[in-house]
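The structure appears right after this line, and notes come after that.
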There are 4 protein chains.
Amino acid sequence: MLEALKKEVYEANLELARRGLAIYTWGNASGIDREAGLIVIKPSGVDYGKLRPEDMAVVDLDGRTVEGSLRPSSDTPTHIELYKAFPKIGGVAHTHSIYATAFAQSGRAIPACGTTHADYFHGPVPCARALTEAEVAGEYEKNTGLIIAELFCGIDPLELPACLVKSHGPFSWGRDCAEAVYHAAVLEYCAQMAAITEALGAGEGAPRYLLDRHYYRKHGKNAYYGQRED
Amino acid sequence: MLEALKKEVYEANLELARRGLAIYTWGNASGIDREAGLIVIKPSGVDYGKLRPEDMAVVDLDGRTVEGSLRPSSDTPTHIELYKAFPKIGGVAHTHSIYATAFAQSGRAIPACGTTHADYFHGPVPCARALTEAEVAGEYEKNTGLIIAELFCGIDPLELPACLVKSHGPFSWGRDCAEAVYHAAVLEYCAQMAAITEALGAGEGAPRYLLDRHYYRKHGKNAYYGQRED
Amino acid sequence: MLEALKKEVYEANLELARRGLAIYTWGNASGIDREAGLIVIKPSGVDYGKLRPEDMAVVDLDGRTVEGSLRPSSDTPTHIELYKAFPKIGGVAHTHSIYATAFAQSGRAIPACGTTHADYFHGPVPCARALTEAEVAGEYEKNTGLIIAELFCGIDPLELPACLVKSHGPFSWGRDCAEAVYHAAVLEYCAQMAAITEALGAGEGAPRYLLDRHYYRKHGKNAYYGQRED
Amino acid sequence: MLEALKKEVYEANLELARRGLAIYTWGNASGIDREAGLIVIKPSGVDYGKLRPEDMAVVDLDGRTVEGSLRPSSDTPTHIELYKAFPKIGGVAHTHSIYATAFAQSGRAIPACGTTHADYFHGPVPCARALTEAEVAGEYEKNTGLIIAELFCGIDPLELPACLVKSHGPFSWGRDCAEAVYHAAVLEYCAQMAAITEALGAGEGAPRYLLDRHYYRKHGKNAYYGQRED
């Protein structure tokens with residue numbers, strides 16, 4: 001069942017570890033089969049070194065485990081809310097990568113300091129509001145997804161494929177799980193450069209027309225970066 | 001004698017080096033056999049690249065070498081005091097890992113900046129008071145253990161499995177020596193993120209209810225992270 | 001056609017990835033055959049792990065693809081302007097390396113803090129002015145090359161083989177493409193040291209006579225560093 | 001001639017590269033045969049990846065090449081002055097390692113922030129005064145050695161086995177060339193921790209009695225660290 005997606009999600013999770021975005025059992029990546037309405041996600045608390053494709057958990061959009069003997073990631077309800085709110089995405093990743101998490105811990109957006117950022121993110125990567133005590137006491141992981149969705153009201157999630165959760169860390173997404181992990185890696189790189197830029201003195205920042213030029217160089221119908229024939 | 005524990009302690013020490021927490025001969029990890037009242041610990045001043053399981057030193061709780069031709073780590077009296085003060089722990093680790101040591105050198109606790117920290121440490125990781133000149137001139141390594149024990153009066157050491165020693169570096173512990181090393185690695189990761197968070201502006205910090213939620217998501221009878229059936 | 005140069009440019013691009021100066025498809029290096037008036041450059045948007053020597057694109061000085069089925073790097077017009085403005089150079093490299101890019105994002109030159117810098121760069125590595133909205137809306141990549149050339153009016157590009165582009169990142173060059181990449185690596189190293197030096201307090205800076213001594217120890221007819229017989 | 005020493009010096013130089021203390025052709029390590037009055041040192045400008053034991057240059061204490069077809073390191077006159085001034089040392093190393101060089105570039109000593117530093121360096125690692133324009137114009141590399149020797153007047157170089165040269169970088173030494181490189185690695189580690197400690201707030205610093213305790217735990221006739229029988 002969903003063998004190809006399991007393999008993809010397994011590879012995406014290993015990539016999190018290989019890129020230094022997750023250690024031990026931290027972080028998780030998932031992918032969705034929209035037709036079947038099923039999500040494949042890393043099992044909870046399993047070390048990257050011991051993960052196998054067949055260990056991936058399969059859950060439906062109500063969070064029920066449909067296949068697999070291992071419990072799905074405890075962050076599964078967050079992934080589910082993102083898939084519900086963002087119909088165009090096919091994968092989600094969550095890490096505690098060092099610089100992106102530091103921005104989340106300081107409760108700040110990652111500013112769009114230059115063209116590296118603009119190549120992937122059409123604007124600053126925002127930090128969601130703090131969850132209230134009631135939201136944490138209740139369906140905490142589900143509410144985490146809901147406040148991201150709330151923040152992205154009116155924003156195309158594929159134009160801004162990441163969000164920070166305050167005091168927690170980054171979530172990212174993409175057209176599939178490999179792209180979600182790719183965005184997690186780029187986000188960490190941009191977060192590190194933003195922190196150093198700020199220490200050096202951020203100056204007046206990058207002008208919007210330059211950031212737009214770079215974003216649309218890579219995205220949309222006038223894109224001319226890469227070998228794509230679109 | 002204690003062959004299984006020696007192998008475990010040997011592996012835990014190698015893990016210190018593999019995780020980048022110790023270079024050359026620095027750092028040490030130990031494990032205890034509570035029934036036998038014996039501690040297995042890294043020999044003093046031996047390079048990680050040359051360490052063998054049979055080199056591990058065996059000492060009793062009075063610090064007397066019971067087996068082995070190599071002298072035990074010079075920090076052995078600190079380990080002994082921790083085992084005496086904290087009956088529930090089974091392993092201790094000591095490193096000079098960069099960020100945790102920098103916090104110790106600045107004489108500051110590592111603040112609980114977010115959920116990564118809260119997943120392992122139920123509150124800030126404290127920094128023990130400076131040793132007096134008399135305490136340093138006397139049984140220095142033993143006194144190092146005693147001031148940690150003094151600081152943890154009333155604290156469950158398994159809820160806060162690490163402590164900084166001022167101007168020196170971190171000690172960590174756990175149910176066995178592998179867990180002690182695991183906590184040393186997580187501590188360094190959290191210390192690095194805390195330092196960067198502070199540089200970015202720590203904001204109002206993480207609320208206690210969020211930190212508690214994460215701690216109890218992983219620990220205690222209502223934990224729901226991972227595959228454990230407890 | 002230009003097989004030797006293709007191999008050289010291929011190797012130079014791989015070296016960008018090996019030195020940690022470029023991840024995924026970022027960055028690019030090129031080399032020129034001055035007699036043929038042809039430039040060999042990395043294809044656009046191809047991952048370093050999948051690059052082959054025969055994938056290198058060949059373009060003339062008007063930017064027309066002369067050989068190869070893959071589109072050349074989108075930064076090709078910048079490379080072309082540099083080759084036109086600097087007749088002595090034989091290779092160009094562009095990266096988003098972390099510290100050099102942070103300086104570019106803060107709109108600042110990399111100061112000549114010490115002899116490591118002076119061994120390669122005869123003075124601070126400047127940051128070109130921001131492009132105007134019209135320059136970005138027009139032939140953006142070509143204009144990027146033109147403002148570097150504008151800034152280097154009266155400067156020997158082989159004495160100062162790198163420049164930052166504001167809000168973007170570094171370009172470097174050399175007598176061939178391997179040297180361009182070498183300068184990209186040294187630039188990143190110097191940028192990191194400059195950032196840390198500044199955090200520690202830059203003091204009164206390095207005196208010009210010391211910087212000159214180091215520069216001329218390695219360059220020009222009185223150089224005495226290395227095994228060269230010149 | 002001096003085959004064993006050549007092998008040792010060759011290995012010490014490779015260790016500089018392996019430990020990340022030197023890239024490309026940077027840095028150098030040497031060893032001395034006191035009886036023969038000959039120094040073995042890395043050849044100038046040779047890449048670590050291409051170095052062979054037989055490439056090591058042999059020079060006498062007047063700097064004359066006694067054996068080998070390759071020119072010795074351009075820093076050879078500095079090494080010679082250190083060997084002359086410090087009769088007890090058997091090896092010297094020079095690097096541009098990132099944090100130690102940043103301290104040198106800011107013209108500051110590396111403070112003794114904690115026990116890691118005190119385990120190797122009996123006090124702060126000083127930064128030598130700037131060379132005058134005349135000293136730089138004259139026998140620059142020899143004068144570099146002389147100002148270190150001037151600064152160490154009355155200091156036991158084996159108790160403080162390193163020195164920073166302002167706007168340049170660190171030199172270190174030891175009983176042999178392997179120990180000189182060992183000290184270069186420890187110096188870089190301590191420099192990094194000192195920079196981070198300072199960013200976190202250095203507090204009141206480590207008390208002298210603690211630093212002394214650690215230094216003498218490892219050095220001198222009452223040392224009790226390690227397996228040495230001295």
Side-chain angles (χ1 to χ4, degrees), chain A residues 20 22-27 43-47 50 55 57 68-77 94-111 127 130-138 140-141 143-144 164-169 191-192 194-196 198-199, chain B residues 15 18-21 98-99 110-120 124 174 178-179 181-219 222-230:
Chain A
I23 57 170
Y24 294 117
T25 65
W26 304 5
S44 182
V46 176
D47 199 285
K50 293 177 183 155
D55 293 335
S69 56
L70 296 174
R71 280 148 70 169
S73 165
S74 54
D75 293 317
T76 300
H94 169 51
T95 80
H96 290 203
S97 71
I98 287 180
Y99 283 88
T101 302
F103 270 98
Q105 290 187 160
S106 70
R108 298 179 48 196
I110 301 174
C127 184
L131 289 160
T132 64
E133 184 155 8
E135 286 167 332
V136 168
Y140 166 58
E141 291 84 2
N143 292 333
T144 298
L164 303 180
V165 175
K166 198 167 176 181
S167 306
H168 189 160
Q192 183 177 5
I196 298 166
E198 199 163 285
Chain B
E15 181 76 355
R18 273 194 301 260
R19 293 270 167 188
L21 302 167
I98 287 179
Y99 283 87
I110 301 173
C113 294
T115 63
T116 320
H117 184 107
D119 281 340
Y120 296 92
E179 197 179 77
V181 169
Y182 180 38
H183 290 151
V186 171
L187 186 73
E188 176 62 10
Y189 197 98
C190 290
Q192 183 177 4
M193 293 206 304
I196 298 166
T197 300
E198 200 163 286
L200 292 171
E204 72 263 39
R208 182 79 208 176
Y209 59 80
L210 177 65
L211 300 174
D212 279 351
R213 173 83 193 205
H214 265 264
Y215 186 76
Y216 291 115
R217 198 166 94 143
K218 277 201 159 178
H219 304 273
N222 295 318
Y224 58 97
Y225 179 93
Q227 305 299 332
R228 289 167 304 168
E229 301 305 301
D230 53 345

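As a basis for the values below, the full set of heavy atoms in this structure was taken, side chains included, without hydrogen atoms, waters or symmetry mates.
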* Please test A:E133 against B:R208 for side chain to side chain contact (heavy atoms under 4.5 Å, CB included), starting from the C-alpha separation and ending with a verdict. => CA-CA 9 Å; A:E133 184 155 8; B:R208 182 79 208 176; over 6 Å; no
* Step-by-step salt bridge (Lys or Arg N to Asp or Glu O under 4.0 Å) determination, B:E204 to A:K166 -> CA-CA 11 Å; B:E204 72 263 39; A:K166 198 167 176 181; 3.1 Å; yes
* Asked: Step by step, would you call B:L200 with A:Y99 a side chain to side chain contact (heavy atoms under 4.5 Å, CB included)?
  -> CA-CA 10 Å; B:L200 292 171; A:Y99 283 88; 6.0 Å; no
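Interface residue B:D119: only side-chain heavy atoms are found under 4.5 Å from chain A. At a 4.5 Å heavy-atom cutoff, A:Q192 makes no contact with chain B through either its backbone or its side chain. Heavy-atom distances place both the backbone and the side chain of A:T25 under 4.5 Å from chain B. With a 4.5 Å cut-off on non-hydrogen atoms, B:Y189 touches chain A through its side chain but not through its backbone. Proximity to chain B (any heavy atom under 4.5 Å) is shown, for A:V165, by neither the backbone nor the side chain. Looking at A:A137, the atoms closer than 4.5 Å to chain B (heavy atoms on both sides) all sit in the backbone: N, CA, C or O. For chain B, the nearby part of A:E198 is the side chain; its heavy atoms alone come within less than 4.5 Å. Heavy atoms of B:R19 lying under 4.5 Å from chain A belong exclusively to its side chain.
For residues 184-194 of chain B, no residue pair satisfies the salt bridge (Lys or Arg N to Asp or Glu O under 4.0 Å) rule, not counting sequence neighbours.
The aromatic rings of A:Y140 and B:H214 stand perpendicular to each other, their planes meeting at an angle above 60°, with 30° marking the opposite boundary.
Checking side-chain atoms of A:R108 against main-chain N and O of B:G203 turns up no donor-acceptor pair under 3.5 Å.
A:S97 OG to B:M193 CE: the interatomic distance, rounded to the nearest 0.5 Å, is 8.5 Å.
In terms of heavy atoms, A:S106 sits closest to B:G201 at CB-O, 2.8 Å. What you find for B:G226 and A:S44 is that their closest heavy atoms are N-OG, 2.6 Å. The two residues B:Y209 and A:L131 make their nearest non-hydrogen contact at OH-O, 2.7 Å. The two residues B:A185 and A:Y24 come nearest to each other via the heavy atoms CB-OH, 3.2 Å. Taking both residues in full, the closest heavy atoms of B:P207 and A:S167 are given as CD-OG, 4.2 Å, listed atom of the first, atom of the second, then distance.
Proximity of A:P43 to B:Q227: side-chain heavy atoms (C-beta onward) are separated by under 4.5 Å at one or more points. Using a 4.5 Å heavy-atom cutoff, the side chains of A:H96 and B:T115 are in contact.
With sequence neighbours excluded, the residues satisfying side-chain contact (heavy atoms from CB on, under 4.5 Å) with B:Y215 are B:H122, B:E159, B:H219.
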